[in-house]
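Worksheet: one structure, shown below.
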Amino acid sequence: MDQKPQATDEPQVAEEGFSYGPAPAPRRGFLAGVAAIAAGGLAFLAPLWSGIRAALEPLERPELDANLVPVAKLAAVPDDGVPHKYRVVMDRVDAWNTHRQLPVGAVYLRRTGDSVEALNVVCPHAGCFVNVAADRSRFVCPCHKSSFDLSGAVNDPASPSPRDMDSLDVEIRGDEVWVRFQNFLPGRAEKEPVV
Ligand code: FES
């Protein structure tokens, strides 16, 4: 006698190699995952790159002539051929910060007519501040008695200074005297900028 299959309430168990639902699509799922990771990565990289560019932008700026600074009104510099001392202040700019109007040194300005000469007040021997002699005929250094004429040239062979006083570039801009301020290493025969 034939045995007909019987309906049953027992849960059916798939035999190995079979399933009862729609077959999963593992390859499509894998590709979708890769695409999602790539999209997420791109979404993360864009702002990251913007941040890096913003952080590096100051390093890409062209350098300005930051040492050229106004020192005095031309009319305020006596036209008497005698050196007069002026303080130098300037903005100090590093890659990310601007430090405004810091005192960085002083200069002697000597005006004759419309011509203005500038000398750094620092003695090239060992860095003391040079004074104008009482009779206003020369500079003298109080530390070791170096002596310079009013143009800044060493005028006494006994002076220990290895070079003349350090001259600085001057520009007259409108009614102002601008100086390209720079300090130089003491104790050297040649002017070597302090960096
Ligand atoms: S520091 Fe000026 S003579 Fe020595």
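Computed from heavy atoms alone, side chains included, the values below leave out hydrogens, waters and symmetry copies. Each ligand, and each atom within it, is numbered from 1 in the order the structure gives. Sequential numbering from 1 along the given sequence is applied to the chain's residues.
Scanning the protein for heavy atoms near atom 3 (S) of ligand 1, the closest one is S146 OG, 3.2 Å.
Within the 4.5 Å cutoff, the side chain of E192 has no heavy atoms near those of the F184 side chain. Side-chain contact check for K191 versus P124: every heavy-atom pair is 4.5 Å or farther apart. The closest side-chain heavy-atom distance from F181 to V71 is not below 4.5 Å.
For D175, the CG atom sits in a packed shell: over 12 heavy atoms of surrounding residues, nucleotides or ligands are nearer than 6.0 Å. Other residues, nucleotides and ligands contribute only 12 or fewer heavy atoms inside 6.0 Å of the CZ atom of R87.
Taking backbone and side chain together, C143 holds no N, O or S atom under 2.8 Å from atom 2 (Fe) of ligand 1. Residue contacts to atom 2 (Fe) of ligand 1: C128 brings no N, O or S atom closer than 2.8 Å. With a cut-off of 2.8 Å, atom 4 (Fe) of ligand 1 has no N, O or S atom of C123 in range.
Looking at H144, its N, O or S atom nearest to atom 4 (Fe) of ligand 1 turns out to be ND1.
Numbered from 1 in the order shown, with element, the atoms of ligand 1 that lie under 4.0 Å from a heavy atom of H125 read 1 (S), 2 (Fe), 3 (S), 4 (Fe). Of all the atoms in ligand 1, the ones that sit under 4.0 Å from a non-hydrogen atom of C141 are 1 (S), 2 (Fe), 3 (S).
Between H144 and H125, the two ring planes are perpendicular [angle over 60°; tilted spans 30° to 60°].
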